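Right, one structure below, let's go through it.
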2 protein chains.
Amino acid sequence: MLSKRTKYGLKAITFIARQEDEQPVQIATISKSENISHKFLESILLSLRKAGFLGSKKGKGGGYYLLKDPKEVKMSDVIRILEGPIAMLPCVSLNFYEKCDDCPDETKCSVHSLMIEVRDSTLEVLRNKTLADLVKDTQ
Amino acid sequence: MLSKRTKYGLKAITFIARQEDEQPVQIATISKSENISHKFLESILLSLRKAGFLGSKKGKGGGYYLLKDPKEVKMSDVIRILEGPIAMLPCVSLNFYEKCDDCPDETKCSVHSLMIEVRDSTLEVLRNKTLADLVKDTQ
DNA sequence: TGCATTCCCTAGTTAATCGATAGGGTTTAA
DNA sequence: TTAAACCCTATCGATTAACTAGGGAATGCA
């Protein structure tokens, strides 16, 4: 299940990408428009900034703005920052791999091989979907 | 993230499907072989029995056995019983749909359309993968 | 019949996580 | 100078996951 953190984060970054001028967008603006708790959204945007997707400007008239071309922002990368692993099991995760306690041999685990297929098919979608697509799909 | 409940359930039903004779398999046998807590596994197998995948036999020499041809057991169906929705958001779930509190209009939600694509690609994999495949892949 | 074996069922418990809140501190434009 | 806005840490309530406990009921076999 996608966390609200990720859901809100995707909505927020899409909102920012929709701005035509280069003016920074304030938390309060997104918070009201997308019905997201102001403080919660604050911590989400902070993560996106630390990850290099967003820049910020302090003081009056400040806010958040995109650092990259929306066409270059892959959903797989954004989701890894907000949600963590894309795979449904740590033992099939590319970026967050962990061995299972119970499995002596991954190659003989039926769940393992199944979840690799699921992961690959999900990644295929997320790698080919960019922020620009999200903006376009909902205009 | 896949719950241990689902992971254990898939391992267990694969274990049962691997038996060549038609003899019922006991909880304790699976529990030891797959390193799963006996009582926890008991409740998982009970769910699979109630959902019609497994039958059971009480008393000495009893246990659980498959009710269907492994080729007919789709992973999508098993996972829906064990895990619940396959979609990552309730608002894109086919079998467990729920409207989002925050979204006034799903058609304009960027996350919604993205998650529909992810769901469809995951379903494609899970519908075409059967219990027989799992057994074969790990022999 | 008696008894061990096995499944059946309900309820409780512990720990982790999620979503949100609180309360400041710092920077900057006007 | 001041108010707007971001920056950061800590905390908290509710929910859920993953077991755990304990007994009941059916079955096969001596």
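These values consider heavy atoms only, across backbone and side chains, with no hydrogens, waters or symmetry-generated copies. Throughout, a chain's letter reflects where its sequence line sits, starting with A, and its residues are numbered from 1. Everything numeric in this text was worked out from a predicted model, so none of it was measured.
We find that NE2 of A:His38 is positioned 12 Å from P of D:dC7, with the value rounded to whole Å. Regarding B:Gln23, its CD atom lies at a distance of 13 Å from the P atom of C:dT6, rounded to whole Å. For the pair A:Leu41 CG and D:dC7 C1', the computed distance is 14 Å after rounding to whole Å. To the nearest angstrom, P of D:dC6 lies 14 Å from CG of A:Leu48. Distance CE (B:Met1) to P (D:dT16): 18 Å, rounded to an integer number of Å. Between B:Glu83 atom CD and D:dT16 atom P the separation is 14 Å, expressed in whole Å. In this entry the distance linking CD1 of B:Ile44 with C1' of D:dA17 reads 11 Å, nearest Å. Here the C1' atom of nucleotide C:dA20 and the CD atom of A:Glu34 are 18 Å apart, to the nearest Å.
Across all strands, A:Lys50 comes closer than 4.0 Å only to sugar-phosphate atoms, never to a base (heavy-atom distances). Residue contacts shown for A:Leu45 are absent, as no nucleic acid heavy atom lies under 4.0 Å away.
Between A:Lys4 and B:Asp102 there is no salt bridge, since no side-chain nitrogen of the basic residue lies less than 4.0 Å from a carboxylate oxygen of the acidic one. Salt bridge A:Asp133/A:Lys71: absent, no basic N to carboxylate O contact under 4.0 Å. A salt bridge is defined here as a Lys NZ or Arg NE, NH1 or NH2 lying under 4.0 Å from an Asp or Glu carboxylate O, and B:Asp137 with B:Lys129 meets this definition. Using a cut-off of 4.0 Å between Lys/Arg side-chain N and Asp/Glu carboxylate O, B:Arg5 and B:Glu83 are scored as not salt-bridged.
Distance from the side chain of B:Phe40 is smallest to D:dT20 among D:dT20, C:dA20, C:dT5. Comparing C:dA20, D:dA18, D:dG22 by their closest approach to the side chain of A:Lys4 singles out C:dA20. Closest to the B:Ile27 side chain, of the nucleotides C:dC7, D:dG28, D:dA4, is C:dC7. Comparing D:dT20, D:dC8, C:dG19 against the side chain of A:Leu46 picks out D:dC8 as the nearest. Proximity note for B:Lys57 (side chain, C-beta onward) versus D:dA5, D:dG28, C:dA20: the nearest is D:dG28. Checking C:dC7, D:dC6, C:dT21 against the side-chain heavy atoms of B:Lys58 singles out C:dC7 as nearest. Residue B:Ser3 has its side chain nearest to D:dA18 when only C:dG19, D:dA18, D:dA4 are considered. Ranking D:dC6, C:dA20, D:dT20 by closeness to the A:Tyr64 side chain, first place goes to D:dC6. Between D:dA21, D:dG28, C:dC7, one nucleotide has an atom nearer to the side chain of B:Lys39 than all others, and that is D:dA21.
Taking for each of A:Ile36 and A:Gly61 the nucleotide of DNA chain C with the nearest heavy atom, the 5'-most of the two is the partner of A:Ile36. Comparing B:Ser56 and A:Arg5 by the nucleotide of DNA chain C that holds the closest heavy atom to each, the one mapping nearer the 5' end is B:Ser56. Heavy-atom nearest nucleotides on DNA chain D were determined for A:Gly62 and for A:Ser43, and the one closer to the 5' end corresponds to A:Gly62.
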Please tabulate, one pair per line, all N/O donor-acceptor pairs under 3.5 Å involving side-chain atoms of residues 54-66 of chain A, not counting sequence neighbours.
none

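Remark: B:Arg49 is not in phosphate contact with C:dT6, judged by side-chain N or O atoms under 4.0 Å from OP1 or OP2. An OP1 or OP2 oxygen of D:dC19 is reached within less than 4.0 angstrom by a side-chain nitrogen or oxygen of B:Tyr8.
Side-chain atoms of B:Glu42 and base atoms of C:dC8 include a donor and an acceptor less than 3.5 Å apart.
Inspection of the A:Thr138 and A:Arg18 side chains reveals an N or O donor paired with an N or O acceptor under 3.5 Å.
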